[in-house]
Amino acid sequence: MSKINEMWIRMQLKANRAFEDFKNSERGDTNFISMLIIIGIVVVLAGLFLTLGKDVMTAISQKVKTFINGL
């Protein structure tokens, strides 16, 4: 009976150690790749806002000038 208890305790310790290693391990590759993807999306959106922002601001300023001249 003591052999079974010793084996049971060893299995519990191994499982507990493996679980702690799993919880504390860091997977840097996936975090790095996801950060690169997010940075790429931000750069694309910034470029879109810059080009569309100029056109929108030009259209708005033209409409404001037309409205003011109409008063």
Side-chain angles (χ1 to χ4, degrees):
M1 192 67 159
S2 68
K3 285 279 191 188
I4 294 174
N5 286 340
E6 287 177 20
M7 284 180 18
W8 178 250
I9 291 172
R10 276 192 214 125
M11 284 176 29
Q12 284 180 331
L13 288 173
K14 283 183 182 180
N16 192 14
R17 191 177 309 135
F19 182 67
E20 289 296 322
D21 287 343
F22 175 74
K23 283 193 326 187
N24 295 328
S25 68
E26 296 182 16
R27 305 280 178 162
D29 293 339
T30 56
N31 291 335
F32 182 71
I33 291 170
S34 64
M35 287 302 295
L36 286 177
I37 291 171
I38 290 171
I39 289 171
I41 291 171
V42 167
V43 167
V44 168
L45 287 176
L48 284 174
F49 282 127
L50 284 175
T51 53
L52 291 177
K54 290 178 184 174
D55 295 338
V56 169
M57 287 305 294
T58 304
I60 290 174
S61 64
Q62 185 63 34
K63 288 187 181 193
V64 168
K65 286 179 188 176
T66 306
F67 176 74
I68 291 174
N69 290 336
L71 291 176

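The figures that follow rest on heavy atoms only: side chains count, while hydrogens, waters and symmetry mates do not. We're numbering straight along the sequence, starting at 1.
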State yes or no: do V43 and M35 share one hydrophobic cluster built from I, L, V, M, F, W and Y residues joined by side-chain heavy-atom distances below 4.5 Å, directly or via other members?
no
Less than 4.0 Å between a side-chain N and a carboxylate O, is that true for R17 and E20?
no
Tell me whether L52 is reachable from V44 by hopping between hydrophobic residues (I, L, V, M, F, W, Y) whose side-chain heavy atoms are closer than 4.5 Å.
no
From I41 CD1 over to L36 CG, what is the distance, rounded to the nearest 0.5 angstrom?
11.0 Å
Could you tell me whether the side chain of N16 and the main chain of Q12 form a donor-acceptor pair under 3.5 Å?
no
Value for CD1 (I9) from CD (E6), rounded to nearest 0.5 Å, stands at 7.5 Å
Any chain of hydrophobic side-chain contacts (each under 4.5 Å) joining M57 to L48?
no
